[in-house]
Amino acid sequence: MPCDIEELRTLFLFEQLDDDQLRWLCRHGHVEHREPGPLYVEGEPADWFWVLLDGTVALSRRVGTDDVEVSRTSQRGVYGGATSAYLGDRTPQRYPHTMRVLAPSRFYALPATDFAELMTAWFPMAVHLLEGLFVGQRATQQAVGQRERLLALGALSAGLTHELNNPAAAANRATAALRERVAGMRHKLAMIADGPYDATTLGTLVDLQEQAVESLAKSRAPGAPTPPTALERTDAEDAVADWLDGHGIVGGWDLAPTFVTARLDPPWLDRVADAVAPGILEGAVRWLSYALETEQLMNDVEDATSRISSLVGAAKQYSQIGRAPDQTLDVHELLDSTLTMLERRLDGVEVVRAYDRTLPPVHVYGAELNQVWTNLVDNAAQAMEGHGTLTVTTRRVDDWLEVEVADTGPGIPSDVLDRVFEPFFTTKPVGSGTGLGLDIAWRIVVTKHHGDLSVRSTPGDTRFLVRLPYAPAAAGDPEVTA
């Protein structure tokens, strides 16, 4: 359709241009009539710059598998399309959203190459300022994003070091005590060899020793009776100490806790007294106590080393070391490894795992999803300040896997709730956050996994909902850059 410079002059976008510039626009561009339907589609090469002359259009963005409308207008002069063509290859030249024609409309259309030439020739200073703004903002976002990841890594490393130090120190203490007990048992063996212990008595002591060790093992086994309360344990220790004192065994108060830990009571000790002569009862009891202490110390070493092994395993799972970037994984393994890594940050917080363990695995980028869980859980921990409840829920809704991270913190103010996923926006005090954690999480979930990330919040109940599709991402999907 013919281009009229007088019509272009009526648009706010071109009202300051002179006649020569308007004629240039008409020579290089043209007017098109479009019926309802897509004018251009998000992600396609941005070849045209469009200006609405009359009609109605709507802009939408792709969120997961849905197109979400972000604006609708009939205002003459609104524009879209190749708006960043003047940046050239410094940014991907693709349509950032979809524009749909809602009613028969007319547009002024200018090729992207001509729009870039126009901007460079007519507004050189503006182009330099816009380039500086674009490049500077991108560089700032990359630098701050890198800093955010380093700070998170530092916090996790400090927490992991602290968590590893505790079981390592416990194993060291238990090993030192075990060495003393083994030395004591060697001494006891020498006394037994020289003492009044016949073969029958020794056989009985060995049997009693095996029974005591078995009782200790049963007290630790899965499904064992609930451990006694502090008051019940004190009463049990008093009863054992009284029995030992009543049988002339010195220092019964010191031996009693060992027998109570193994769930051995005075009736069991009566069997020991019936099995050995009165003159050797104290030696037999102390021998049994040494055996129990040795077994308990070995259990302590086992527990400590198992804790170290589980922490290292969690760290490996968290970082996805040695794994392909994308795999079909059980999301619960990712969540558990993140909660383990952040355990120190959650001191004082009750953690509830409301998992649906029947959920099938999902095709994801494991290491990057762990970054999402880290941001959500860390934000919740900061909000609760050491007291409250963190609830992590998993469920399936249609073809989506949903992970909900809820906390009982003070909540997010309603006037800023819609901005929490904006880059550099933060509700934390100055110096406490960069404002990129949730932005990075949103791009990992939405852009890379074609899922959805949303939030709702009231005082005492803030819930972040991550939705991941069970259909694997298509090859060639855009990567996330931070």
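The minimum heavy-atom distance between Thr261 and Arg233, with the atom names listed, is OG1-NH2, 2.7 Å. Contact record, Val466 with Leu453: CG2-CD1, 3.6 Å, taken as the closest heavy-atom pair. Considering every non-hydrogen atom in both Pro469 and Gly451, the closest pair reads CD-CA, 3.9 Å. Here the closest heavy-atom approach between residue Arg263 and residue Ser219 is recorded as CG-CB, 3.8 Å. For Arg467 against Val445, the heavy-atom pair with the smallest separation is O-CG1, 4.0 Å. Asp407 and Ala383 get closest at one heavy-atom pair: OD1-CB, 4.4 Å.
In this structure, CG on Asp242 lies 11.5 Å from CD on Glu237, to the nearest 0.5 angstrom. Thr98 OG1 to Glu44 CD: the interatomic distance, rounded to the nearest 0.5 Å, is 8.0 Å. Here His449 contributes atom NE2 and His363 contributes atom NE2; the two are 8.0 Å apart, rounded to the nearest 0.5 Å. Residue Leu401 holds its CG atom at 10.0 Å from CZ of Arg395, rounded to the nearest 0.5 Å. Once rounded to the nearest 0.5 Å, the distance linking CZ of Arg456 with CZ of Arg463 reads 5.0 Å.
Listed for the Arg61 side chain is a donor-acceptor partner under 3.5 Å among the backbone atoms of Pro96. Between the Thr389 side chain and the Glu350 main chain, no donor and acceptor come within less than 3.5 Å of each other. Not one N or O on the side chain of Asp398 forms a donor-acceptor pair closer than 3.5 Å with the backbone of Trp400. In this structure, the side chain of Tyr40 does not engage the main chain of Ala46 through any donor-acceptor pair within 3.5 Å. A donor-acceptor pair under 3.5 Å is formed between the side chain of Gln93 and the backbone N or O of Ser84.
Using a 4.5 Å heavy-atom cutoff, the side chains of Leu369 and Leu468 are in contact.
Between Trp268 and Phe259, the ring-plane angle classifies as tilted under the 30° and 60° cut-offs.
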- Message: Apply side chain to side chain contact (heavy atoms under 4.5 Å, CB included) to residues Gln296 and Thr258 and explain how you reach the verdict.
- Response: CA-CA 9 Å; Gln296 183 60 51; Thr258 302; over 6 Å; no
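When each of Asp378, Asn370, Thr374 is checked for a side chain to side chain donor-acceptor pair (under 3.5 Å) with Thr338, only Asn370 meets the rule.
Arg72 meets the salt bridge (charged side-chain N to carboxylate O under 4.0 Å, His left out) test with Glu69; sequence neighbours excluded. For Arg396, the salt bridge (charged side-chain N to carboxylate O under 4.0 Å, His left out) criterion is met by Asp399, not counting sequence neighbours.
With hydrogens and angles left out, the side-chain atoms of Gln211 and Asp207 include no donor and acceptor closer than 3.5 Å. Residues Gln371 and Asn375 have side chains that never bring a donor and an acceptor to within less than 3.5 angstrom of each other. No side-chain donor-acceptor contact under 3.5 Å links Arg357 and Thr394.
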